[in-house]
Amino acid sequence: MTILAVNWGNALLITGVGFGLVFTVLVLLIFIVKLFGVIFAQKPKAQAAVAAPAAVEATDETDMAAIAYVLHTFYNQHDEESDVLTIRHDDVAYSPWNQKSITF
């Protein structure tokens with residue numbers, strides 16, 4: 001009969017305050033995160049005008065150099081690996097991983 005000995009008024013009050021506090025803090029954190037998003041999303045207009053790069057006039061030489069560079073990097077790949085697996089299996093007499101006498 002220990003169920004009858006519990007003061008249900010206080011238990012429900014503590015439970016309600018706990019749930020209310022958790023949800024209040026979660027809502028507060030949502031507003032804080034949204035506020036940070038608004039603050040950091042704004043960009044100064046002065047830096048936007050300065051940060052715009054000047055347009056580079058493309059000539060035949062720059063196009064040829066870009067194509068030559070791409071072909072050079074494509075055909076000169078030195079990191080080709082074979083399809084052979086190189087994992088060696090060494091049979092070790094003593095290893096804690098394969099010891100059958102130790103049982104937990």
Side-chain angles (χ1 to χ4, degrees):
M1 289 291 153
T2 58
I3 295 175
L4 298 176
V6 174
N7 187 354
W8 287 103
N10 287 343
L12 292 176
L13 179 68
I14 291 171
T15 303
V17 168
F19 276 108
L21 183 66
V22 166
F23 285 115
T24 304
V25 169
L26 285 175
V27 169
L28 182 66
L29 284 174
I30 289 171
F31 286 126
I32 289 172
V33 168
K34 287 189 182 232
L35 180 67
F36 277 136
V38 169
I39 290 172
F40 290 118
Q42 296 175 352
K43 295 181 182 177
K45 293 180 181 179
Q47 288 181 353
V50 174
V56 177
E57 185 176 318
T59 62
D60 289 336
E61 291 179 355
T62 57
D63 291 342
M64 293 284 205
I67 292 170
Y69 176 72
V70 169
L71 289 174
H72 174 73
T73 56
F74 181 74
Y75 286 116
N76 290 335
Q77 294 179 355
H78 297 290
D79 195 22
E80 295 177 11
E81 296 190 17
S82 64
D83 294 334
V84 178
L85 294 177
T86 57
I87 299 172
R88 291 185 324 189
H89 179 68
D90 295 331
D91 290 329
V92 179
Y94 172 75
S95 173
W97 293 105
N98 64 0
Q99 214 171 17
K100 305 294 190 278
S101 64
I102 299 176
T103 57
F104 295 103

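Computed from heavy atoms alone, side chains included, the values below leave out hydrogens, waters and symmetry copies.
- Residue Tyr69 belongs to no hydrophobic cluster, having no ILVMFWY side-chain heavy atom closer than 4.5 Å to its own.
- Taking CG from Leu35 and CD1 from Ile30, the interatomic distance works out to 13.5 Å, rounded to the nearest 0.5 Å.
- For the residue pair Thr73 and Val70, the shortest heavy atom distance occurs at OG1-O, 3.0 Å.
- Val33 forms part of no hydrophobic cluster, judged by ILVMFWY side-chain heavy-atom separations under 4.5 Å.
- Counting side-chain heavy-atom gaps under 4.5 Å among Ile, Leu, Val, Met, Phe, Trp and Tyr, the cluster of Val27 also holds Phe31.
- Looking at residues two or more places apart in sequence or on another chain, you find a side-chain contact (heavy atoms from CB on, under 4.5 Å) between Leu71 and Ile67, Tyr75.
- For Phe23, the side-chain contact (heavy atoms from CB on, under 4.5 Å) partners two or more places apart in sequence, or in a different chain, are Phe19, Leu26.
- The side-chain contact (heavy atoms from CB on, under 4.5 Å) test applied to Phe36 returns Ile32, Phe40, not counting sequence neighbours.
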